[in-house]
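Structure record follows, encoded as structure tokens.
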Amino acid sequence: MYGRKKFKLGLISKIIIGIIVGLILGSVAPSWINRIFVTFSSIFGNFLGFIIPLLILGFVTAGIAELGTGAGKLLGITVGIAYGFTLISGFAAYFVASTLLPTIITPDTASGITEAKAALEPYFTVQMPAIMQVVSALILAFILGLGISAINNEPLRKAADGFQKIITKVIESIVIPLLPYYIVGVFVNMTYTGQVATVFSVFWKVFLIVIAMHLVIIVFQFAVGCSISKKNLFKSLRIQVTGYMTALGTQSSAATIPVNLQCSERMNISKGIREFVIPLCATTHMSGSTITLTTCAMSVMLLNGYPIELNLFAGFIAMLGITIVAAPGVPGGAVMASLGLLELILGFTEPMLALMIALYIAQDSFGTACNVSGDQAVAMIVDTISKE
């Protein structure tokens, strides 16, 4: 007798269901029921605030420490190219979004958010003060990561890896499973206050802009990689379709590594280089995630009447490329790792962070597909440099 294969919903499906349930409850359910979900969202939001510094400490420390153990000069070149592509993507996203978004999110549109009626209050709150401020966590993570790398202390490196695994386990076992219920409470409140119509009227357009920018940056990166390595651009892009589609389905750079290595082989990238660069770039090259985070952050800020100044976003983009290094290989890992920067640099409030999580995860697979596709361009360049 054959066992039935257990059907399992993906995170995006659960988030969409959570949004729909929140819309329905916010429209028809009595306020006392809705306040139950709002109470849960309040507690979960406080837990996120508590864990944000630990996230930064776990990811950044282990990520920087691990980068110090690679193949010397080749490691530095690979990380430098990956970070350069990430910066280019982030600033390109800023300039495109700063041109297009004000035509979509006008002051009248933003007034639908800022002038909404008062939100539902939770029945009670549970305070969870963070053990340190976000900026303190960032500084400590840099000191520890660079220090471990400099002194090459294996026990400390193992301790950093172990702490990262603990934080990753918390995300996989607590944060990700509870996110849909958190989203229910967020959208219950947005529906109750009348903000949800404004949000949906804006963000389907934002998603189209983001996906278009992903495709453009992939072509740009491949054009750079192919021109340096003397490869055929159209043939390389055609080969990468398999890796792109795999990333769309898995939502994980780490899970796409085996397929991406096969694509590299078909592009005639040297065996040693592809086996070094592709796994490394799965945690260091984040062009797609940076485009998504930058554009969605700008959209949320415009909706809430915040200015989107270049001096703010220059710091945000520069730090983002470092902070989401070694973000866990789970759906939504990049946005979890960026919450501290959104709060510290851009001044996001808890409701803005909640909306950001929902928006990012709803199209996370496209950002991941952009990330892994750009890894091939990095591999092409590194392969050419190594041969010379």
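Excluded from the calculations below are hydrogen atoms, water molecules and symmetry mates; all remaining heavy atoms, backbone and side chain alike, are included.
- The CG atom of Asn268 lies 5.5 Å from the NZ atom of Lys231; values are rounded to the nearest 0.5 Å.
- Without hydrogens or angle criteria, Tyr94 side chain to Leu310 main chain gives a donor-acceptor distance under 3.5 Å.
- The number of heavy-atom neighbours closer than 6.0 Å to OH of Tyr181, taken from other residues, nucleotides and ligands shown, is 12 or below.
- Ile211 and Val202 fall within a single hydrophobic cluster, where Ile, Leu, Val, Met, Phe, Trp and Tyr side chains are chained together by heavy-atom contacts under 4.5 Å.
- Here the closest heavy-atom approach between residue Val335 and residue Ile357 is recorded as CG2-CA, 4.3 Å.
- By the ring-ring contact (aromatic ring centres under 6.0 Å, His included) test, Phe85 is found to be paired with no residue, residues two or more places apart in sequence or in another chain being considered.
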Residue pair Ile322, Phe142: steps toward the side chain to side chain contact (heavy atoms under 4.5 Å, CB included) verdict: CA-CA 10 Å; Ile322 300 169; Phe142 279 120; 3.4 Å; yes
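- Distance alone, capped at 3.5 Å, places no donor-acceptor pair between the Tyr306 side chain and the Met298 backbone.
- Summarising the hydrophobic clusters (Ile, Leu, Val, Met, Phe, Trp, Tyr; side-chain heavy atoms under 4.5 Å, direct or chained), the residues clustered with Leu208 are Trp204.
- Atom-to-atom distance recorded for Ile381:CD1 and Ile81:CD1 is 5.0 Å, nearest 0.5 angstrom.
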Decide side chain to side chain contact (heavy atoms under 4.5 Å, CB included) for Leu342 and Phe316; before the verdict, give the C-alpha distance in whole Å, the side-chain angles of both, and the deciding distance to 0.1 Å. CA-CA 8 Å; Leu342 291 166; Phe316 174 73; 3.7 Å; yes
Yes or no on side chain to side chain contact (heavy atoms under 4.5 Å, CB included) for Asn304 and Phe348, after CA distance, side-chain angles and deciding distance? CA-CA 10 Å; Asn304 286 273; Phe348 270 43; over 6 Å; no
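- The two residues Ser89 and Ile291 make their nearest non-hydrogen contact at O-CG1, 3.6 Å.
- The aromatic rings of Phe207 and Phe203 are tilted relative to each other, their planes meeting at an angle between 30° and 60°.
- One N or O on the side chain of Thr86 and one on the backbone of Met286 form a donor-acceptor pair closer than 3.5 Å.
- Residues Leu341 and Leu346 fail the side-chain proximity criterion, which asks for heavy atoms closer than 4.5 Å.
- In this structure, Ser386 has no side-chain hydrogen bond (donor to acceptor under 3.5 Å, both in side chains) partners at least two apart in sequence or on a different chain.
- Looking at Asp375 and Val277, their side chains never come closer than 4.5 Å, going by heavy atoms from C-beta outward.
- Taking CD1 of Ile278 as the reference point, atom SG of Cys263 lies at 9.0 Å (rounded to 0.5 Å).
- Under a hydrophobic clustering in which Ile, Leu, Val, Met, Phe, Trp and Tyr are joined whenever their side-chain heavy atoms come within less than 4.5 Å, directly or via other members, Met380 and Leu261 fall into different clusters.
- For the atom pair Met190 CE and Leu355 CG, the distance stands at 5.0 Å (nearest 0.5 Å).
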Which atom pairs, one a donor and one an acceptor, fall under 3.5 Å between side chains of residues 234-245 and the rest of the protein, sequence neighbours left out?
from: Ser236; atom 1: OG; to: Asn232; atom 2: O; distance (Å): 2.9
from: Gln240; atom 1: OE1; to: Gln376; atom 2: NE2; distance (Å): 3.2
from: Gln240; atom 1: NE2; to: Asn260; atom 2: OD1; distance (Å): 3.0

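- Salt-bridge check for Arg157 with Glu154: passed, with a basic side-chain N closer than 4.0 Å to an acidic carboxylate O.
- Ser41 is linked by a side-chain hydrogen bond (donor to acceptor under 3.5 Å, both in side chains) to nothing, counting only residues two or more places apart in sequence or in another chain.
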Identify every side-chain donor-acceptor pair in residues 46-64 under 3.5 Å, counting partners at least two apart or on other chains, and give the distances.
from: Asn46; atom 1: ND2; to: Ser42; atom 2: O; distance (Å): 3.4
from: Asn46; atom 1: ND2; to: Val126; atom 2: O; distance (Å): 2.9
from: Thr61; atom 1: OG1; to: Leu57; atom 2: O; distance (Å): 2.7

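- In the hydrophobic clustering of this structure, Leu320 groups with Tyr83; members are Ile, Leu, Val, Met, Phe, Trp, Tyr whose side-chain heavy atoms approach within less than 4.5 Å, directly or through other members.
- Contact of the Phe163 side chain with the Leu144 side chain is not registered, since no non-hydrogen atoms from C-beta on lie closer than 4.5 Å.
- Residue pairs meeting the side chain to side chain donor-acceptor pair (under 3.5 Å) criterion with at least one member in residues 288-302, sequence neighbours excluded: His214-Thr292, Ser289-Tyr360, Ser289-Asn371, Thr292-Gln363.
- Among all heavy-atom pairs drawn from Ala358 and Ile183, the shortest one is CB-CD1, 3.6 Å.
- Of all heavy-atom pairs spanning Asn34 and Ala29, the tightest one is ND2-O, 3.4 Å.
- Every pair tested for salt bridge (Lys or Arg N to Asp or Glu O under 4.0 Å) that includes a residue from residues 40-55 fails, sequence neighbours excluded, so the list is empty.
- Distance CD1/Ile209 to CD1/Ile104: 3.5 Å, rounded to 0.5 Å.
- Proximity of a side-chain donor or acceptor of Asp383 to a complementary backbone N or O of Ala379 within less than 3.5 Å is not detected.
- In this structure the side chain of Met356 reaches within 4.5 angstrom of the side chain of Leu293, judged on heavy atoms.
- Residues Val199 and Leu303 come closest through the heavy atom pair CG2-CD1, 4.5 Å.
- When hydrophobic residues (I, L, V, M, F, W, Y) are linked wherever their side-chain heavy atoms come within less than 4.5 Å, Val372 remains an isolated member.
- Placement of Ile273 and Val259 in two distinct hydrophobic clusters is found when ILVMFWY residues are connected by side-chain heavy-atom separations under 4.5 Å, directly or transitively.
- By the salt bridge (Lys or Arg N to Asp or Glu O under 4.0 Å) test, Glu275 pairs with Lys271, sequence neighbours left out.
- Legend: residues meeting ring-ring contact (aromatic ring centres under 6.0 Å, His included) with Tyr182, ordered by chain and number and at least two apart, are Phe44.
- Using a 4.5 Å heavy-atom cutoff, the side chains of Phe37 and Val21 are not in contact.
- Ile151 belongs to a hydrophobic cluster whose remaining members, ordered by chain and number, are Ile148, Leu156; membership requires side-chain heavy atoms of ILVMFWY residues under 4.5 Å apart, directly or through intermediates.
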Could you walk me through whether Cys281 and Thr78 pass side chain to side chain contact (heavy atoms under 4.5 Å, CB included), step by step? CA-CA 8 Å; Cys281 283; Thr78 304; 4.0 Å; yes
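- Val216 is not connected to Val219 by any chain of hydrophobic side-chain contacts under 4.5 Å among Ile, Leu, Val, Met, Phe, Trp and Tyr, and they are in different clusters.
- Atom SG of Cys370 is separated from atom CD1 of Ile217 by 7.0 Å, given to the nearest 0.5 angstrom.
- Closest non-hydrogen pair, Ala354 versus Val186, comes out as CB-CG2, 3.4 Å.
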